[in-house]
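All values below were derived from every heavy atom in this structure, side-chain atoms included, with hydrogens, water molecules and symmetry-related copies excluded. Per chain, numbering begins at 1; letters A, B, ... match sequence-line order.
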Amino acid sequence: MSMRKQTPSDFLKQIIGRPVVVKLNSGVDYRGVLACLDGYMNIAIEQTEEYVNGQLKNKYGDAFLRGNNVLYISTQKRKV
Amino acid sequence: MADEAEQQPSTNTVEEPLDLIRLSLDERIYVKMRNDRELRGRLHAYDQHLNMILGDVEETVTTVEIDEETYEELYKSTKRNIPMLFVRGDGVVLVAPPLRVG
């Protein structure tokens with residue numbers, strides 16, 4: 001995977017539409033397809049699954065995460 | 001917002017997450033908050049801080065009691081109903097349509 005020198009905002013533009021893992025400061029994990037995000041790291045994800053240790057809740061449709069709670073956003077390779 | 005170079009302010013091409021919340025106005029939503037709280041209510045208003053006005057709200061507070069001897073985890077949830085509620089945005093973690101199966 002190419003990781004040229006790029007700013008964080010370039011990365012954020014690139015990953016829209018991809019499956020991502022979003023980890024919150026609280027440790028909760030959200031996996032889904034990144035619908036959109038903004039400069040505050042507010043995030044909208046589709047087909048979200050919430051993981052705390054094991055799987056907790058399934059959220060279908062859009063889920064919005066408030067940016068201040070986000071620890072990181074990472075792409076994930078979905079292995080079916 | 002943070003800078004103009006990223007996203008357009010008007011709804012031309014890419015929408016911000018907050019624009020998508022706008023689609024939920026007047027709909028029932030589910031809000032996950034800090035301190036193990038959840039809200040289910042009708043979204044009347046919101047702003048960029050995620051301050052919200054919710055109507056007809058049910059708040060669920062979940063607590064875990066741990067037995068000192070058996071180390072058993074006892075999950076309790078307390079619910080209350082509030083006709084009209086102002087939610088301060090800094091407590092909000094997640095906003096979604098109400099949880100439905102399938």
Enquirer: Side chain, backbone, both or neither: which part of A:Leu24 has a heavy atom under 4.5 Å from chain B?
Expert: side chain
Enquirer: With heavy-atom distances below 4.5 Å as the criterion, would you say the side chains of B:Gln48 and B:Leu18 are in contact?
Expert: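 Contact flag for B:Gln48/B:Leu18 side chains = yes.
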Enquirer: Any donor-acceptor pair under 3.5 Å linking the side-chain atoms of B:Glu38 with those of B:Tyr30?
Expert: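 Note: B:Tyr30 and B:Glu38 side chains meet the donor-acceptor criterion.
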Enquirer: List for me each residue that meets side chain to side chain contact (heavy atoms under 4.5 Å, CB included) alongside B:Leu25, sequence neighbours excluded, and say none if there are none.
Expert: B:Arg22, B:Leu43, B:Tyr46
Enquirer: Sub-4.5 Å heavy-atom contacts with chain A: which residues of residues 66-91 of chain B show up?
Expert: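 Expected list: B:Gly89, B:Asp90.
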Enquirer: State which residues pass side-chain hydrogen bond (donor to acceptor under 3.5 Å, both in side chains) with B:Arg42; sequence neighbours excluded, sorted by chain then number.
Expert: none
Enquirer: Look at the side chain of B:Asp56 and the backbone N and O of B:Gly41, then say whether any donor-acceptor pair between them is shorter than 3.5 Å.
Expert: no
Enquirer: Taking atom types as modelled, is there a side-chain donor on B:Asn35 or B:Arg37 under 3.5 Å from an acceptor on the other?
Expert: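 Their side chains do not contain a donor-acceptor pair, so the 3.5 Å distance test is not met.
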Enquirer: Measure A:Leu65 against the heavy atoms of chain B and call it side chain, backbone, both or neither at under 4.5 Å.
Expert: both
Enquirer: A:Tyr72: what forms a side-chain hydrogen bond (donor to acceptor under 3.5 Å, both in side chains) with it, not counting sequence neighbours?
Expert: none
